[in-house]
2 protein chains.
Amino acid sequence: MCDIAAWHDCTVAVRLRAKHATWENAIIRAVTSIDVARAAGVSQSAVSRAFSPGSSISARTKQKVLAAAASLGYRPNRIPAIMLSGRSFMVGVVIGGLENPFYATALERLATALRESGLQVLLMHVDDALTLDSALDRLVSYRIDAIVTSLAIGSKAVVQALSQLRLPVVCFNSSHVGPWISTVNSNNHGAGLVAARLLGRHGMQRPLWLAGPSRNSASRARGRGFCQGVRDTGIPSARLVRVQGNDTYDSGYDAIARLQKQGIRPDAIFSSNDMMACGAIDALRECMGLHCPHDVAIMGYDNIPQAAWRSYDLTSFDQQTDQMVARAMQLLDEALGTQDGPVSRTCIVDAQLIERGSTRAAR
Amino acid sequence: MCDIAAWHDCTVAVRLRAKHATWENAIIRAVTSIDVARAAGVSQSAVSRAFSPGSSISARTKQKVLAAAASLGYRPNRIPAIMLSGRSFMVGVVIGGLENPFYATALERLATALRESGLQVLLMHVDDALTLDSALDRLVSYRIDAIVTSLAIGSKAVVQALSQLRLPVVCFNSSHVGPWISTVNSNNHGAGLVAARLLGRHGMQRPLWLAGPSRNSASRARGRGFCQGVRDTGIPSARLVRVQGNDTYDSGYDAIARLQKQGIRPDAIFSSNDMMACGAIDALRECMGLHCPHDVAIMGYDNIPQAAWRSYDLTSFDQQTDQMVARAMQLLDEALGTQDGPVSRTCIVDAQLIERGSTRAAR
DNA sequence: TTGTAAGCGTTATCAT
DNA sequence: ATGATAACGCTTACAA
């Protein structure tokens with residue numbers, strides 16, 4: 001159920017609540033449309049109309065109202081409109097992992113797109129699945145119109161929690177779908193195939209798959225694609241080494257360092273994301289004395305800015321965030337516009353291969 | 001004044017608005033406290049009390065209400081409370097430059113802190129000063145309780161715009177202050193001094209200051225501190241080379257590349273942020289054939305994750321984001337709790353020197 | 001402890 | 001074109 005109780009325990013909230021428990025000690029009351037109406041010598045409706053384009057109002061009246069509003073410093077209040085219409089024009093954006101530049105950039109683009117669509121972003125940062133439930137309840141209590149999330153929705157429980165809100169949900173790179181849930185996915189599997197083909201052309205003999213966390217379905221799809229692609233080049237599946245990371249630089253570094261101890265020397269690496277790939281590049285040099293691309297070819301995913309930094313010069317897949325965000329907005333638009341029940345759609349956007357030095361050398 | 005007009009033009013907004021212009025075709029009405037009251041056979045106030053900890057209600061009644069609420073799927077609506085109290089418990093967070101991992105991480109921490117204080121984040125991403133004005137009007141129309149911004153508030157115009165909102169504002173690393181505006185700053189000037197001292201110990205003879213955009217007051221303060229620190233080591237000011245960047249990796253790279261053409265070879269660099277420092281390190285190697293720290297000692301600012309990546313191993317100043325965020329929460333708390341007029345305070349948090357390889361070598 | 005009723009600031013409807 | 005009025009869903013003062 002609702003954890004409104006937990007909410008009440010929060011320090012600032014309690015303080016504010018206590019402060020305004022009675023009407024007597026109310027703060028500076030904001031200027032309302034009544035005040036403007038009185039000042040302009042018109043009705044409250046006239047004020048409303050002055051601020052609603054397309055409503056029938058004479059230029060003279062509008063002038064009077066706007067003048068009065070300006071002098072009083074009136075700022076329309078959208079809260080009552082939310083009560084009346086049931087729409088808040090706020091979208092809950094649930095994110096996590098901002099330490100990955102990819103997600104940071106994606107959020108930036110998403111926020112911009114939503115703003116341009118006249119929607120507000122009610123942001124919810126989530127560290128783990130545990131906080132999600134209570135977070136959702138809070139968002140919902142603000143009567144958000146929809147939810148957009150870049151969390152890789154892995155667990156069935158989360159999907160169910162989202163579905164139960166009876167609110168349009170748009171995900172990025174989520175595999176689970178359900179009623180009310182739409183998703184925009186990068187063509188993860190296809191990119192895995194492309195990666196294997198490219199590395200194959202560069203003479204791959206001892207491929208390595210550097211996987212992201214297993215709960216990340218996008219990572220799993222990339223791995224499956226890569227595995228199939230490796231087979232397609234004629235290398236038996238058994239020769240493909242798989243190493244587990246957790247999408248961080250350190251996990252990429254450590255994974256390679258572990259390999260060194262096991263005496264495994266890959267000559268072609270596909271990493272589930274760029275951060276791990278960067279870690280791998282550094283570990284190869286420091287722990288194995290291997291240089292990229294001379295000794296090892298490496299590819300990542302996400303095309304984060306650091307992939308283009310000269311020390312890494314990493315071939316990567318660009319998720320085409322702009323396109324994905326645009327698609328997400330379409331899905332959102334559709335879901336918000338439909339009256340007849342929950343929408344559930346899936347979009348696939350091809351990732352664009354960005355070739356850089358890490359796969360350039362012929363060996 | 002308000003650009004509510006512009007808001008009305010936004011596509012999604014218009015569509016939703018049109019769709020619910022009349023009461024007839026209203027959507028699935030949400031479950032209200034009235035519904036719960038009816039189902040539980042109690043009054044509406046009883047429902048309200050059941051969800052308000054500390055209010056006088058019998059255990060039996062509360063049970064009945066909660067049961068009815070659960071079976072109906074009732075979710076309390078906070079919107080009416082906003083109208084009644086005038087407090088929304090929403091804080092407008094105005095940000096930009098998320099492509100810098102430092103700001104991304106800062107946002108993450110801030111969002112977490114606000115959530116833990118029971119405040120919601122109404123996010124506003126701003127590309128430039130132009131969007132800010134209209135953005136603010138929108139935020140205000142949602143009756144936010146305060147604004148927190150990591151934008152380096154440079155222009156006097158922005159400060160004035162913020163002051164006029166008559167809303168508590170908390171900034172990070174802003175120099176301009178005014179009524180209603182509080183700010184938490186890193187000890188930029190002090191860090192500049194420390195940088196010069198450290199580089200001086202490493203034999204600095206030809207110092208270089210890699211500046212951020214001139215509108216960034218934090219960068220200016222760092223530069224002033226460094227300049228003074230350089231003088232303190234006995235090097236005449238005229239020997240200090242200043243180069244202009246814009247806080248990006250590319251600008252750091254280009255700045256060094258330009259120096260090469262001018263035949264200038266620094267032996268100690270202090271960069272206004274880590275991104276530029278990374279660019280500088282790569283340019284030194286690629287364009288000048290200089291290696292860090294053997295030929296050049298380098299320091300940055302922000303201690304972004306990439307500073308710890310092995311390819312850079314960059315000495316940096318950690319802004320202690322956790323502390324700064326904690327301070328910001330205190331300032332916010334204070335501003336929200338005060339009834340007697342606008343608050344305006346400034347906090348300084350010392351940056352912590354993180355020594356890494358880029359300044360380690362004795363040359 | 002519980003119920004009744006007023007009120008928050010706006011917008012849609014209806015009457016003028 | 002304009003004004004009066006009801007309604008949105010909840011909280012709180014007050015009465016019982």
Side-chain angles (χ1 to χ4, degrees), chain A residues 4 8 16-18 20-27 29-38 40-65 69 74-89 140-143, chain B residues 4 8 16-27 29-38 40-65 69 74-88 140-143:
Chain A
I4 282 292
H8 280 278
L16 289 178
R17 172 164 293 268
H20 305 288
T22 56
W23 299 117
E24 274 59 52
N25 57 4
I27 4 90
R29 206 176 57 80
V31 179
T32 73
S33 64
I34 298 187
D35 302 324
V36 177
R38 209 184 325 258
V42 297
S43 74
Q44 208 181 351
S45 331
V47 178
S48 176
R49 283 191 267 262
F51 284 98
S52 309
S55 50
S56 65
I57 185 173
S58 71
R60 224 178 68 84
T61 310
K62 191 167 182 173
Q63 280 300 327
K64 269 196 300 188
V65 171
Y74 169 67
R75 293 170 177 282
N77 182 350
R78 288 192 48 70
I79 300 295
I82 298 176
M83 286 186 58
L84 290 172
S85 68
R87 320 293 312 224
S88 62
F89 296 100
V140 170
S141 74
Y142 278 85
R143 286 299 183 259
Chain B
I4 282 290
H8 279 278
L16 288 179
R17 172 165 293 268
K19 204 157 280 293
H20 305 287
T22 57
W23 299 116
E24 275 60 51
N25 56 5
I27 4 90
R29 205 176 58 81
V31 179
T32 72
S33 64
I34 298 187
D35 302 325
V36 177
R38 209 185 324 257
V42 297
S43 74
Q44 203 181 358
S45 351
V47 179
S48 175
R49 285 189 266 260
F51 284 98
S52 309
S55 48
S56 66
I57 184 174
S58 72
R60 224 177 69 83
T61 310
K62 191 168 183 174
Q63 279 300 327
K64 271 197 297 187
V65 171
Y74 169 67
R75 293 170 176 282
N77 182 348
R78 287 192 50 72
I79 300 295
I82 299 177
M83 286 186 58
L84 290 173
S85 67
R87 321 292 312 223
S88 62
V140 170
S141 74
Y142 278 84
R143 287 300 183 258

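Every chain is numbered from 1 and lettered A, B, ... according to where its sequence line falls, protein lines coming before strand lines.
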Ignoring hydrogens and angles, are the base of [N] and the side chain of [X] linked by a donor-acceptor pair under 3.5 Å?
X: A/Arg143; N: D/dG9; answer: no
X: B/Arg49; N: C/dG3; answer: yes
X: B/Ser45; N: C/dT4; answer: yes

How long is the gap from [atom1] on [X] to [atom2] on [Y], to the nearest 0.5 Å?
X: B/Ser33; Y: B/Gln44; atom1: OG; atom2: CD; answer: 3.5 Å
X: B/Lys62; Y: B/Ser58; atom1: NZ; atom2: OG; answer: 10.0 Å
X: B/Ser141; Y: A/Ile79; atom1: OG; atom2: CD1; answer: 8.0 Å

Check the phosphate of [N] against [X], side-chain N and O only, distance under 4.0 Å to OP1 or OP2. Yes or no?
X: A/Thr32; N: C/dG9; answer: no
X: B/Tyr74; N: D/dC10; answer: yes
X: A/Ser58; N: D/dT2; answer: yes
X: B/Ser48; N: D/dT11; answer: yes

Qualifying residue for side-chain contact (heavy atoms from CB on, under 4.5 Å) with B/Val42, from B/Ile57, B/Val65, B/Val36: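 The residue from B/Ile57, B/Val65, B/Val36 that satisfies side-chain contact (heavy atoms from CB on, under 4.5 Å) with B/Val42 turns out to be B/Val65.
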Rounding to an integer number of Å, can you tell me how far [X] [atom1] sits from [N] [atom2]?
X: B/Tyr142; N: C/dG9; atom1: OH; atom2: C1'; value: 15 Å
X: B/Ile34; N: C/dA5; atom1: CD1; atom2: C1'; value: 13 Å
X: B/Phe51; N: D/dT12; atom1: CZ; atom2: P; value: 15 Å
X: A/Met83; N: D/dC10; atom1: CE; atom2: C1'; value: 7 Å
X: B/Gln44; N: C/dA6; atom1: CD; atom2: P; value: 14 Å
X: A/Arg78; N: C/dC8; atom1: CZ; atom2: C1'; value: 17 Å
X: A/Asp35; N: C/dC8; atom1: CG; atom2: P; value: 11 Å
X: B/Arg38; N: D/dG9; atom1: CZ; atom2: P; value: 12 Å

Of the listed nucleotides D/dT2, D/dG9, C/dG3, the one nearest the side chain of B/Pro80: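 Nearest to the side chain of B/Pro80 among the choices is D/dG9.
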When you get a sec, tell me which of D/dG9, C/dT2, C/dT11 is the closest nucleotide to the side chain of A/Leu84?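 Given the options D/dG9, C/dT2, C/dT11, the side chain of A/Leu84 is closest to C/dT11.
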When the nearest nucleotide of DNA chain C is assigned to A/Val47 and to B/Ser43 on a heavy-atom basis, which residue is associated with the more 5' position?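 Residue closer to the 5' terminus by nearest nucleotide: B/Ser43.
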Where do A/Arg143 and B/Asn77 land on the side chain to side chain contact (heavy atoms under 4.5 Å, CB included) test, with the steps shown first? CA-CA 7 Å; A/Arg143 286 299 183 259; B/Asn77 182 348; 3.5 Å; yes
Can you give me the dot-bracket string for DNA chain C, 5' to 3', counting Watson-Crick and G-U wobble pairs with both distances under 3.5 Å, using [ ] for crossing pairs and | for partners on another strand? ||||||||||||||||
How close do B/Phe51 and B/Pro76 get, counting heavy atoms only, and between which atoms?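 Taking B/Phe51 first and B/Pro76 second, the nearest heavy atoms are CD2-CG, 4.1 Å.
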Over all heavy atoms of both residues, which pair between B/Ser55 and B/Ser52 is shortest? Give the atoms and the distance, please.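 Here B/Ser55 and B/Ser52 meet closest at OG-O, 2.5 Å.
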Determine, step by step, whether A/Ile82 and A/Arg87 satisfy the side chain to side chain contact (heavy atoms under 4.5 Å, CB included) criterion, reporting the C-alpha distance in whole Å, the side-chain angles of both residues, the deciding distance to 0.1 Å, and the verdict. CA-CA 5 Å; A/Ile82 298 176; A/Arg87 320 293 312 224; over 6 Å; no
